[in-house]
Peer 1: 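Would you mind keeping the following structure in view while I ask a few things?
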Amino acid sequence: MLASEDARRWVLHGAVAVAVALGAGLLTSDARLGITLGVFVAVGFAVHTSRRRSEVPQWRRPSAAQRRTEAQLKVMRRLGYRVLHARRIPGGNGLIDHFIVGRRGAFSIDSESWDKRLPLRNKLEKLYHGRFSKNERIDEALEEARTAERLISEELGRPITVRPALAIYGPSMPWDHHNLRKVDIIVGTKVRKWLRTGKDRLSEEEIEEIYRAAEKVLPPAY
């Protein structure tokens with residue numbers, strides 16, 4: 001079904017590009033100009049589609065926050081980072097929105113969009129969004145990362161560390177990232193910056209090994 005939707009989309013885009021080429025060619029009596037405009041339209045559709053396409057399965061309808069984080073992670077891939085999206089924690093209801101491994105280590109990020117009208121504040125090592133405590137959400141993110149850490153370590157036969165984080169979009173924060181209850185709370189737009197703060201120094205071989213192990217032990221969220 002998804003393949004047929006993609007096919008219909010590309011057929012429609014192709015038809016529009018051909019129509020533009022023919023129309024421009026007839027109006028200007030210049031076939032080369034018409035073809036050039038048609039190519040520009042086709043390329044524009046391709047670029048627009050690639051930017052909007054999510055690697056998260058379409059049936060899952062990723063949230064706007066997850067898409068915004070995913071867009072940042074596409075840039076990190078060019079720097080050698082490997083990324084998995086929407087991975088399930090076996091034996092439970094946990095779900096890691098984004099698992100990343102790169103030169104600075106392995107990371108687990110959940111993306112959240114919260115009401116921007118309510119302030120975020122740290123009170124006695126507890127996170128409040130307005131008057132609402134978010135400690136339970138922090139603890140969930142920590143448990144997901146610790147389980148992933150254990151499973152990957154067992155698969156590799158050696159210990160690794162997975163740094164958990166919540167990427168928050170909406171409310172303003174007095175920090176770019178701040179560690180609470182062993183979880184980093186990140187300004188959503190600063191994910192790329194945060195990924196460069198890791199202390200590990202992994203080789204390309206280690207990155208690939210951790211990525212393959214995570215891909216095996218953290219199944220897609222079907």
Peer 1: Going by the salt bridge (charged side-chain N to carboxylate O under 4.0 Å, His left out) test, which pairs reach into residues 213-222, not counting sequence neighbours?
Peer 2: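 Matches after skipping sequence neighbours: Glu155-Lys216, Arg212-Glu215.
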Peer 1: Might you work through the side-chain contact (heavy atoms from CB on, under 4.5 Å) test for Leu73 and Leu195, ending with a clear yes or no?
Peer 2: CA-CA 10 Å; Leu73 296 178; Leu195 287 171; 3.6 Å; yes
Peer 1: Using a side-chain heavy atom cutoff under 4.5 Å and only I, L, V, M, F, W and Y, what cluster partners does Leu124 have?
Peer 2: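 In the cluster with Leu124 there is nothing else; it is isolated.
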Peer 1: Excluding sequence neighbours, so at least two apart, what forms salt bridge (Lys or Arg N to Asp or Glu O under 4.0 Å) with Arg146?
Peer 2: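 Here the qualifying residues are Glu149.
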Peer 1: What pairs meet the ring-ring contact (aromatic ring centres under 6.0 Å, His included) rule with one or both residues in residues 104-124, with sequence neighbours excluded?
Peer 2: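 Those involving residues 104-124 are Phe107-Trp194, Trp114-His129.
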Peer 1: Carefully, step by step, assess Thr189 and Tyr169 under the rule side chain to side chain donor-acceptor pair (under 3.5 Å).
Peer 2: CA-CA 7 Å; Thr189 55; Tyr169 296 88; over 6 Å; no
Peer 1: Which residues pass the side chain to side chain contact (heavy atoms under 4.5 Å, CB included) test with Arg192, sequence neighbours left out?
Peer 2: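 For Arg192 the side chain to side chain contact (heavy atoms under 4.5 Å, CB included) partners, ignoring immediate neighbours, are Gln72, Val75, Met76, Arg196.
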Peer 1: List for me each residue that meets side chain to side chain contact (heavy atoms under 4.5 Å, CB included) alongside Pro119, sequence neighbours excluded, and say none if there are none.
Peer 2: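 Counting only residues at least two positions away or on another chain, Pro119 forms no side chain to side chain contact (heavy atoms under 4.5 Å, CB included).
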Peer 1: Give a yes or no on whether the backbone of Ser203 and the side-chain of Glu206 come within a donor-acceptor separation of less than 3.5 Å.
Peer 2: yes
Peer 1: Pair Ser108, His98 - check side-chain contact (heavy atoms from CB on, under 4.5 Å), show working.
Peer 2: CA-CA 6 Å; Ser108 168; His98 320 277; over 6 Å; no
Peer 1: Consider only side-chain heavy atoms of I, L, V, M, F, W and Y, link residues closer than 4.5 Å, and tell whether Ile207 and Tyr81 are in one cluster.
Peer 2: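 No, no single cluster joins them.
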Peer 1: Donor-acceptor pair, distance only, cut-off 3.5 Å: does the side chain of Asn135 make one with the backbone of Leu127?
Peer 2: yes
Peer 1: Taking ring pair (Phe, Tyr, Trp, His ring centres under 6.0 Å) as the test, write out the residues that go with Phe99, two or more places apart.
Peer 2: none
Peer 1: Asp97 versus His85: any side-chain heavy-atom pair under 4.5 Å?
Peer 2: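 They are not in side-chain contact.
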Peer 1: Without swapping roles, check the side chain of Gln66 against the backbone of Ser63 for a donor-acceptor pair under 3.5 Å.
Peer 2: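 Such a contact is found between Gln66 side chain and Ser63 backbone.
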Peer 1: What is the minimum heavy-atom distance between Pro219 and Pro90, and which atoms define it?
Peer 2: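 So the minimum-distance heavy-atom pair works out to CD-CG, 3.8 Å.
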Peer 1: Going by the rule salt bridge (Lys or Arg N to Asp or Glu O under 4.0 Å), which residues pair with Arg78 if we only count those two or more places apart in sequence or in a different chain?
Peer 2: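 None.
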Peer 1: Output the distance between atom CZ (Arg103) and atom CZ (Arg201), rounded to the nearest 0.5 Å.
Peer 2: 9.5 Å
Peer 1: Could you pull out every donor-acceptor pair under 3.5 Å between side chains of residues 171-182 and any protein atom, sequence neighbours left out?
Peer 2:
{"unit_1": "Trp175", "atom_1": "NE1", "unit_2": "Ile185", "atom_2": "O", "d": "3.2"}
{"unit_1": "Asp176", "atom_1": "OD2", "unit_2": "Lys193", "atom_2": "NZ", "d": "2.7"}
{"unit_1": "His178", "atom_1": "NE2", "unit_2": "Asn122", "atom_2": "ND2", "d": "3.2"}
{"unit_1": "Asn179", "atom_1": "OD1", "unit_2": "Lys182", "atom_2": "N", "d": "3.4"}
{"unit_1": "Asn179", "atom_1": "ND2", "unit_2": "Asp184", "atom_2": "OD1", "d": "3.0"}
{"unit_1": "Arg181", "atom_1": "NE", "unit_2": "Asp139", "atom_2": "OD1", "d": "3.1"}
{"unit_1": "Arg181", "atom_1": "NH2", "unit_2": "Asp139", "atom_2": "OD1", "d": "3.4"}
{"unit_1": "Arg181", "atom_1": "NH2", "unit_2": "Asp139", "atom_2": "OD2", "d": "3.1"}

Peer 1: List for me each residue that meets salt bridge (Lys or Arg N to Asp or Glu O under 4.0 Å) alongside Arg117, sequence neighbours excluded, and say none if there are none.
Peer 2: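 Result, salt bridge (Lys or Arg N to Asp or Glu O under 4.0 Å) vs Arg117: Asp115.
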Peer 1: Are Leu202 and Leu79 in one and the same hydrophobic cluster, where Ile, Leu, Val, Met, Phe, Trp and Tyr link if side-chain heavy atoms are under 4.5 Å apart?
Peer 2: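 No.
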Peer 1: Is there a side-chain contact (heavy atoms from CB on, under 4.5 Å) between Val162 and Glu144? Walk through the geometry before answering.
Peer 2: CA-CA 10 Å; Val162 176; Glu144 292 166 1; over 6 Å; no
Peer 1: Could you give the distance from OG1 (Thr197) to CZ (Arg104), rounded to the nearest 0.5 Å?
Peer 2: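 If I round to the nearest 0.5 Å, the distance is 8.0 Å.
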Peer 1: Tell me every residue that passes side chain to side chain contact (heavy atoms under 4.5 Å, CB included) with Ala148, counting only those two or more places apart in sequence or in another chain.
Peer 2: Ile96, Leu218
Peer 1: Would you name the heavy atoms of Pro164 and Ala145 that are closest together and state the gap between them?
Peer 2: CB-CB, 3.4 Å
Peer 1: Is there a side-chain contact between Leu84 and Tyr211 in this structure, where contact means two heavy atoms from C-beta onward sitting under 4.5 Å apart?
Peer 2: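 Yes; the side chains approach each other to less than 4.5 Å.
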Peer 1: Hey, any chance Ile186 and Leu120 share a hydrophobic cluster, counting ILVMFWY side chains that come within less than 4.5 Å of each other, even indirectly?
Peer 2: no
Peer 1: Do the side chains of Ile210 and Ile152 get nearer than 4.5 Å, heavy atoms only?
Peer 2: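 Yes, side chains in contact.
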Peer 1: Let me see the working for Ile100 and Ile109 under side-chain contact (heavy atoms from CB on, under 4.5 Å), right down to the final yes or no.
Peer 2: CA-CA 8 Å; Ile100 308 100; Ile109 302 177; 3.6 Å; yes
Peer 1: Please list, chain by chain and in numerical order, all residues satisfying salt bridge (Lys or Arg N to Asp or Glu O under 4.0 Å) with Glu112, sequence neighbours excluded.
Peer 2: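 Result, salt bridge (Lys or Arg N to Asp or Glu O under 4.0 Å) vs Glu112: Arg137.
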